Chemist: 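Can you read through this structure? Questions will come right after.
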Amino acid sequence: MKLLVVSDSHGYDKELEFVLKNITYDAAIHCGDCHFDKKSPFLKLFDVIVQGNHDEDFLPLEMTFKTPLGEIFICHGHTFHVYKGYDELSRYINKKNISICFHGHTHVPHIEKFKNILFINPGSIMFNRGLSECGSYAIVEINHKIEVTFYDSRTLKKIPQSVIDKDQDILNEFKLFSK
């Protein structure tokens, strides 16, 4: 199963449309801050869309999605204060007995195992904070294991791990100041 995971498009519909038209996937997931209204044609193109802190309230705040490895919890992350870390979100997800979470909100592509939960943030399809100087999305391949790759939303090229690591260092510093 190949999942396209995006977040924080903030109305940058041309970038979003470009990715949707040029990537093959089995299911598409939007982790919030999409800026869609109830008439948006994008609503039909996603299997899951959750509400971000800049979205209208007709979207759900959280959802789950079934995969061969079990359910994935999907939220934007703002209601769980992900800028401060994953403590609050991990406590909530552990009650649901789920071990994978997709979220957005920070505009930083990120993957981290924390308290037995794999957290995946595709970054912002619009633009990311940090050094990557691009928008991003994630391709999450799920078979007997899970593989995550981050891509530039404008060039569709893989983002080098060294850039992902540097942006993560910036996010980690921000988390220290947020606590």
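Everything quoted here is computed from the prediction, not taken from an experiment. This chain uses plain numbering: 1 for the first residue, then up along the sequence.
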Chemist: Do H76 and H105 have side-chain N/O donor and acceptor atoms under 3.5 Å apart?
Modeler: yes
Chemist: Quick one: OG1 on T64 to NZ on K66, what's the gap to the nearest 0.5 Å?
Modeler: 7.0 Å
Chemist: For the backbone of H10 and the side chain of D33, can you confirm whether one donor and one acceptor N or O come within less than 3.5 Å of each other?
Modeler: no
Chemist: Any side-chain heavy atom of Y92 within less than 4.5 Å of one from E62?
Modeler: yes
Chemist: Would you say V6 ends up clustered with Y151 if hydrophobic residues are merged whenever their side chains have heavy atoms under 4.5 Å apart, either directly or through other cluster members?
Modeler: yes
Chemist: For a quick test of reading the model, state the closest non-hydrogen atom pair linking A138 to P122 and the distance between them.
Modeler: N-CB, 3.7 Å
Chemist: Under 4.5 Å between any side-chain heavy atoms of L16 and F42, yes or no?
Modeler: yes
Chemist: Is the distance between the ring centroids of F150 and Y137 under 6.0 Å?
Modeler: no
Chemist: Do F119 and I98 sit in one hydrophobic cluster, given that two such residues count as connected whenever their side-chain heavy atoms are within less than 4.5 Å of each other, even indirectly?
Modeler: yes
Chemist: Can a side-chain donor-acceptor contact be found between H81 and Y86 if the only test is distance below 3.5 angstrom?
Modeler: no
Chemist: Quick one, L118 with I111, criterion side chain to side chain contact (heavy atoms under 4.5 Å, CB included). Give me CA distance, side-chain angles, the key distance, then yes/no.
Modeler: CA-CA 7 Å; L118 183 63; I111 183 169; 3.7 Å; yes
Chemist: Taking D152 for its side chain and I159 for its backbone only, find out whether a donor-acceptor pair lies under 3.5 Å.
Modeler: no
Chemist: Check the pair E141 / I146 against side chain to side chain contact (heavy atoms under 4.5 Å, CB included), numbers first and verdict last.
Modeler: CA-CA 6 Å; E141 295 195 54; I146 188 165; over 6 Å; no
Chemist: After noting the C-alpha distance and the side-chain angles of L89 and F114, does the key distance pass the side chain to side chain contact (heavy atoms under 4.5 Å, CB included) rule?
Modeler: CA-CA 10 Å; L89 184 52; F114 181 81; over 6 Å; no
Chemist: Please check this pair: side chain of S9 against backbone of Y12, looking for a donor-acceptor N/O pair closer than 3.5 Å.
Modeler: no
Chemist: Evaluate the side-chain proximity of V148 to V5: yes if any heavy-atom separation is below 4.5 Å, no if none is.
Modeler: no
Chemist: Hey, are the side chains of C34 and I49 touching, using non-hydrogen atoms and a 4.5 Å cut-off?
Modeler: yes
Chemist: When clusters are formed by joining ILVMFWY residues with side-chain heavy atoms under 4.5 Å apart, either directly or through shared neighbours, do L59 and V50 land in the same one?
Modeler: no
Chemist: Quick check: closest heavy atoms across N128 and G135, and the distance to 0.1 Å?
Modeler: ND2-C, 3.9 Å
Chemist: Does the side chain of H107 pick up a donor-acceptor pair with the side chain of D8 at under 3.5 Å?
Modeler: yes
Chemist: Any side-chain donor paired with an acceptor under 3.5 Å for D55 and H35?
Modeler: no
Chemist: Are L3 and F46 linked, directly or through other ILVMFWY residues, by side chains that come within less than 4.5 angstrom of each other?
Modeler: no
Chemist: N121 and T106: side-chain donor and acceptor closer than 3.5 Å?
Modeler: yes
Chemist: So, are K115 and D87 salt-bridged, with charged N and O less than 4.0 Å apart?
Modeler: yes
Chemist: Taking S136 for the side chain and I125 for the main chain, is one N or O donor matched with an acceptor at less than 3.5 Å?
Modeler: no
Chemist: I'd like to know whether the aromatic ring centres of H30 and F36 sit less than 6.0 Å apart in this structure.
Modeler: yes
Chemist: Decide yes or no for H110 and I120: does some side-chain heavy atom of the first lie under 4.5 Å from some side-chain heavy atom of the second?
Modeler: no
Chemist: Between G104 and C31, what is the shortest heavy-atom contact and its length?
Modeler: N-CB, 3.8 Å
Chemist: Would you give the length of the straight line joining atom CZ of F80 to atom SG of C101, rounded to the nearest 0.5 angstrom?
Modeler: 8.0 Å
Chemist: Quick check: do P68 and M1 have side-chain heavy atoms less than 4.5 Å from each other?
Modeler: yes
Chemist: Starting at NZ of K14, measure out to CZ of R154 and round the result to the nearest 0.5 Å.
Modeler: 12.5 Å
Chemist: Is it the case that one hydrophobic cluster holds both F127 and Y83, taking links as side-chain heavy atoms less than 4.5 Å apart, direct or via other members?
Modeler: no
Chemist: Say you draw a straight line from CD1 of I117 to CZ of R91; how long is it, rounded to the nearest 0.5 Å?
Modeler: 11.0 Å
Chemist: CG/L4 to CG/L45 distance, rounded to the nearest 0.5 angstrom?
Modeler: 10.5 Å
Chemist: Please walk me through it: do N22 and L156 pass side chain to side chain contact (heavy atoms under 4.5 Å, CB included)?
Modeler: CA-CA 8 Å; N22 290 290; L156 308 179; 3.5 Å; yes
Chemist: With a 4.5 Å limit on heavy-atom distance, are the side chains of Q161 and D165 in contact?
Modeler: yes
Chemist: Rounded at 0.5 Å granularity, tell me how far CG in D26 sits from CG in D47.
Modeler: 9.5 Å
Chemist: With a sphere of 6.0 Å drawn around NZ of K2, does it hold more than 12 non-hydrogen atoms of other residues, nucleotides or ligands?
Modeler: yes
Chemist: Please confirm whether the backbone N or O of L61 pairs with a side-chain atom of Q51, one donor and one acceptor, at under 3.5 Å?
Modeler: no
